[in-house]
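The structure appears right after this line, and notes come after that.
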Amino acid sequence: MGALRNAILACVLLAPSLALAQPGHTQYPGAADAQADSSLRVCADPNNLPFSNKAGEGFENKLAQMLGAWMHKPVEYAWAVQQKQFLRDTLDANKCDVVMSLPTDDKAELTTDPYYRSTYAMVYRANAPYRLKSLDDPRLRTLEIGVHALGDDWADLPSGAVLAHRGIVKNVHVYKMFADFSRPNPSADLMEAVARGDVDVAIAWGPLAGYFATREPVKLTVVPITHSHSILPFEFSISMAVRHGDTGLRDRLNAFLREKRGAIQALLAEYGVPQLDLNAARTQTAEASQVTTKQ
């Protein structure tokens, strides 16, 4: 689970982590609320589109600007690469007060209500002689497949894990997310591989797939995966996050998310983020809780 959390953190921040704190991660249950008259201090990655970059081109940058205007505060950034110590070195070090994306169920920080829910997606060339709709398609056993990985274990993310679990191994090609921090958008390699024809299909976190697929010279098809039957979750609800104890700021962020819900959904759509029904996710969570209680 710890490896999964770091994997999801990398995909959501570069974005999704699940509800376990990282080793050595420090909680702050008695932390004071952020000062009311301070700037809006945002923790962000300087080279992590479609989420954020130093040029302010990511949707998290745009969302932060929207939030800053709503709060009547200037936005300041604490920049750090989205590696496993990101939260420890930024939010918990009091260098910033808000993380724009963290899985809602993550217990390492105090999360807001979710503002979107997304899923992994398949991406292939629009002129391909096939139409893939799910991971159950038998053609995935013969097509060349590209997946992201954080390290040498290509099954460290849900996309690789679900293929390995199904015995789909020999035709899988690995693209390390953070292989070269010196170049812009290192995680775009996978979509570029699909566009070039190096692989037939990619499986990637939805916001990455939707954003980079529209920026390739050839038309790509993006198919959100909503029924993965996977050993790991493919769908994640995403929230903003603050330090534990900073309930005042958390409540203000929730008020912003409620008031600006339509504008936020439009922003995400502009960046090609596959958006699932948040209400359906809440219903599924409630039903699962009821089943667990009855057992």
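Sequence positions, counted from 1, serve as the residue numbers for this chain. Computed from a prediction, not measured in an experiment: that's the story for all the values here.
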What residues, two or more places apart in sequence or in another chain, satisfy salt bridge (charged side-chain N to carboxylate O under 4.0 Å, His left out) together with D89?
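Expected list: none.
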For the side chain to side chain contact (heavy atoms under 4.5 Å, CB included) test, which of N171, V169, I203 pairs with L163?
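Exactly one candidate clears the test, I203.
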State which residues pass side-chain hydrogen bond (donor to acceptor under 3.5 Å, both in side chains) with N53; sequence neighbours excluded, sorted by chain then number.
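N53 satisfies side-chain hydrogen bond (donor to acceptor under 3.5 Å, both in side chains) with E57 only.
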Which value, rounded to the nearest 0.5 Å, describes the distance between [X] atom [atom1] and [Y] atom [atom2]?
| X | Y | atom1 | atom2 | value |
| --- | --- | --- | --- | --- |
| Q83 | R88 | CD | CZ | 11.0 Å |
| R261 | D113 | CZ | CG | 10.5 Å |
| F59 | L49 | CZ | CG | 10.0 Å |
| L150 | K176 | CG | NZ | 10.0 Å |
| E60 | L267 | CD | CG | 10.0 Å |
| L268 | R117 | CG | CZ | 14.5 Å |

Considering all heavy atoms of both residues, which atom of [X] and which atom of [Y] are nearest to each other, and what is their separation?
| X | Y | result |
| --- | --- | --- |
| F236 | P233 | CZ-O, 3.5 Å |
| V194 | V201 | CG2-C, 4.3 Å |
| V98 | M100 | CG1-SD, 3.8 Å |
| Q275 | A269 | NE2-N, 3.4 Å |
| P274 | S118 | O-OG, 2.6 Å |
| I225 | E235 | O-OE2, 4.3 Å |

Name the atoms and distances for all side-chain donor-acceptor pairs under 3.5 Å in residues 137-145, with sequence neighbours left out.
from	atom 1	to	atom 2	distance (Å)
D137	OD1	R139	N	2.9
D137	OD1	R139	NE	3.0
D137	OD2	R139	NE	3.4
D137	OD2	R139	NH2	2.8
R139	NH2	R131	O	3.3
R141	NH1	R166	O	3.1
R141	NH2	R166	O	3.0
T142	OG1	R139	O	3.2
E144	OE1	H173	NE2	2.5

Heavy-atom distance under 4.5 Å between the side chains of [X] and [Y], does that happen here?
| X | Y | answer |
| --- | --- | --- |
| L91 | E109 | yes |
| T104 | D106 | no |
| V162 | F234 | yes |
| K170 | V172 | no |
| Y115 | L278 | no |
| V174 | H148 | no |
| F212 | N185 | yes |
| M122 | L135 | yes |

Would you say [X]'s side chain and [Y]'s backbone share a donor-acceptor pair under 3.5 angstrom?
| X | Y | answer |
| --- | --- | --- |
| Y116 | Q265 | no |
| S52 | N48 | no |
| T112 | L253 | no |

Determine whether L276 and V273 fall in the same hydrophobic cluster, where Ile, Leu, Val, Met, Phe, Trp and Tyr are linked whenever their side-chain heavy atoms lie under 4.5 Å apart.
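No; V273 is not reachable from L276 via cluster members.
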Yes or no on side-chain contact (heavy atoms from CB on, under 4.5 Å) for L249 and D246, after CA distance, side-chain angles and deciding distance?
CA-CA 6 Å; L249 180 54; D246 203 347; 3.4 Å; yes
Any disulfide bond (SG atoms under 2.5 Å apart) involving residues 73-153? Give me the pairs, sequence neighbours left out, ordered by first then second residue.
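Counting only pairs at least two positions apart or across chains, the disulfide bond (SG atoms under 2.5 Å apart) contacts touching residues 73-153 are C43-C96.
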In terms of side-chain heavy atoms, does S239 have a donor or acceptor partner in T111 at a distance below 3.5 Å?
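Short answer, no.
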Compute whether any side-chain donor of one residue and acceptor of the other, for N94 and R41, lie under 3.5 angstrom apart.
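Side-chain D/A pair, N94 to R41: present.
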Residues that Y211 engages under ring pair (Phe, Tyr, Trp, His ring centres under 6.0 Å), provided they are two or more places apart
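With neighbours one apart ignored, the set is Y271.
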Non-neighbouring partners of Y77 that pass ring pair (Phe, Tyr, Trp, His ring centres under 6.0 Å), sequence neighbours left out:
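W79.
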Pair R243 + D97, salt bridge at N-O below 4.0 Å
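D97 and R243: salt-bridged.
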salt_bridge(R183, D189) N-O dist < 4.0 Å:
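Here R183 pairs with D189 in a salt bridge, since their nearest N and O are under 4.0 Å apart.
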Go through the steps to decide whether V123 and M191 satisfy the test side-chain contact (heavy atoms from CB on, under 4.5 Å), and finish with yes or no.
CA-CA 8 Å; V123 182; M191 297 305 110; 3.9 Å; yes
Quick one, L40 with W70, criterion side-chain contact (heavy atoms from CB on, under 4.5 Å). Give me CA distance, side-chain angles, the key distance, then yes/no.
CA-CA 11 Å; L40 175 64; W70 184 83; over 6 Å; no
Take K62 and Q65 through the side-chain contact (heavy atoms from CB on, under 4.5 Å) test and state the conclusion after the steps.
CA-CA 5 Å; K62 306 299 184 185; Q65 291 298 328; 5.7 Å; no
